[in-house]
S.K.: 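Below is the structure I would like to discuss, written out as C-alpha cells.
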Amino acid sequence: MTVIEHPPTVYLLKGCPFCLKLMIFLLEAGLIDRVKLVEASTPEEQNRIADLLKNKTGKSSFPTAEIAPNQHLSDSDALVAHFAAAAGVDPETLIVYQNYLSGVFMTVTHLFRENIELKKRLG
C-alpha cells in the first residue's frame, strides 16, 4: 500500500444524506482508510467545523474535503468523481452505493431539503 503523505481530510455532518453517500462510496471503493474523516456530531462541532470551512473556502458546506494542502472541494458528486478518478474506480460498479443512490438517498434527500425549507420558514 502506498503511504499518503497528506491524506485528504473529509469534513462530514452526522445525519447528512450527502455525507453518507460519500462515506458509502469511500467504504465500498476501499478508500476509507486513505482519508481522514472529521464528523460533526453535535451542534457545537457543526458550528466549529462550519466556521473552519468558511474561513478556508468562503462557505460552509458538507461534505467538503481538503484534497491537497489548501485545496478544497465540496459537493458529494464532485468528491465521488474526484476520489473515483484518483483511484480508478467506476462508481457504477459499486452495488451498495448504487442501491443507496436509487433508493434511500432519493427519499432522504427530499425529506432533508423539505426540513431545511421548513426551518427557514419558521425563522
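Everything quoted here is computed from the prediction, not taken from an experiment. Heavy atoms only: backbone and side chains are in, while hydrogens, waters and symmetry mates are out. Residue numbers run from 1 in the order of the sequence given.
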S.K.: Would you kindly confirm whether Val89 and Val10 end up in one hydrophobic cluster when ILVMFWY residues are joined by side chain heavy atoms under 4.5 Å apart?
M.R.: yes
S.K.: If Ile, Leu, Val, Met, Phe, Trp and Tyr residues are connected whenever their side-chain heavy atoms lie under 4.5 Å apart, and connections chain through other members, are Leu79 and Val38 in the same group?
M.R.: no
S.K.: Nearest 0.5 Å, please: how far is CG in Asn70 from OG1 in Thr57?
M.R.: 11.5 Å
S.K.: Under 3.5 Å, which donor-acceptor pairs do the side chains of residues 45-56 form with other protein atoms, sequence neighbours left out?
M.R.:
unit_1, atom_1, unit_2, atom_2, d
Glu45, OE1, Ser41, N, 2.6
Glu45, OE1, Thr42, N, 3.2
Asn47, ND2, Pro43, O, 3.3
Asn55, ND2, Asp51, O, 3.3

S.K.: Sequence neighbours excluded, which residues qualify as side chain to side chain contact (heavy atoms under 4.5 Å, CB included) partners of Cys16?
M.R.: Leu13, Phe18, Cys19
S.K.: Return the minimal non-hydrogen interatomic distance between Phe83 and Pro8, and the atom names on each side.
M.R.: CE2-CG, 3.9 Å
S.K.: May I ask whether Phe62 and Val80 are part of the same hydrophobic cluster, defined by side-chain heavy atoms of I, L, V, M, F, W, Y residues being less than 4.5 angstrom apart, directly or through others?
M.R.: no
S.K.: So Val35 and Pro7, do their side chains get closer than 4.5 Å, heavy atoms only?
M.R.: no
S.K.: With Ser76, which residues qualify under side-chain hydrogen bond (donor to acceptor under 3.5 Å, both in side chains), at least two apart?
M.R.: Lys21
S.K.: Can you sort out the partners of Ser74 under side-chain hydrogen bond (donor to acceptor under 3.5 Å, both in side chains), two or more places apart, ordered by chain and number?
M.R.: Thr64
S.K.: Count I, L, V, M, F, W, Y as connected when their side-chain heavy atoms are under 4.5 Å apart, and connections chain through other members. Are Leu101 and Phe25 then in the same cluster?
M.R.: yes
S.K.: Report, one line per pair, each donor and acceptor closer than 3.5 Å where one atom sits in a side chain of residues 104-123; sequence neighbours left out.
M.R.:
unit_1, atom_1, unit_2, atom_2, d
Thr109, OG1, Phe105, O, 2.6
His110, NE2, Glu114, OE1, 3.4

S.K.: Donor-acceptor pairs are to be reported for all side-chain atoms of residues 91-99 against protein atoms at under 3.5 Å, with residues two or more places apart or in another chain.
M.R.:
unit_1, atom_1, unit_2, atom_2, d
Thr93, OG1, Asp90, O, 2.7
Gln98, NE2, Pro91, O, 2.9
Asn99, ND2, Ile95, O, 3.3

S.K.: Check whether Ile67 and Ile32 end up in the same hydrophobic cluster, where Ile, Leu, Val, Met, Phe, Trp and Tyr are linked by side-chain heavy atoms less than 4.5 Å apart.
M.R.: yes
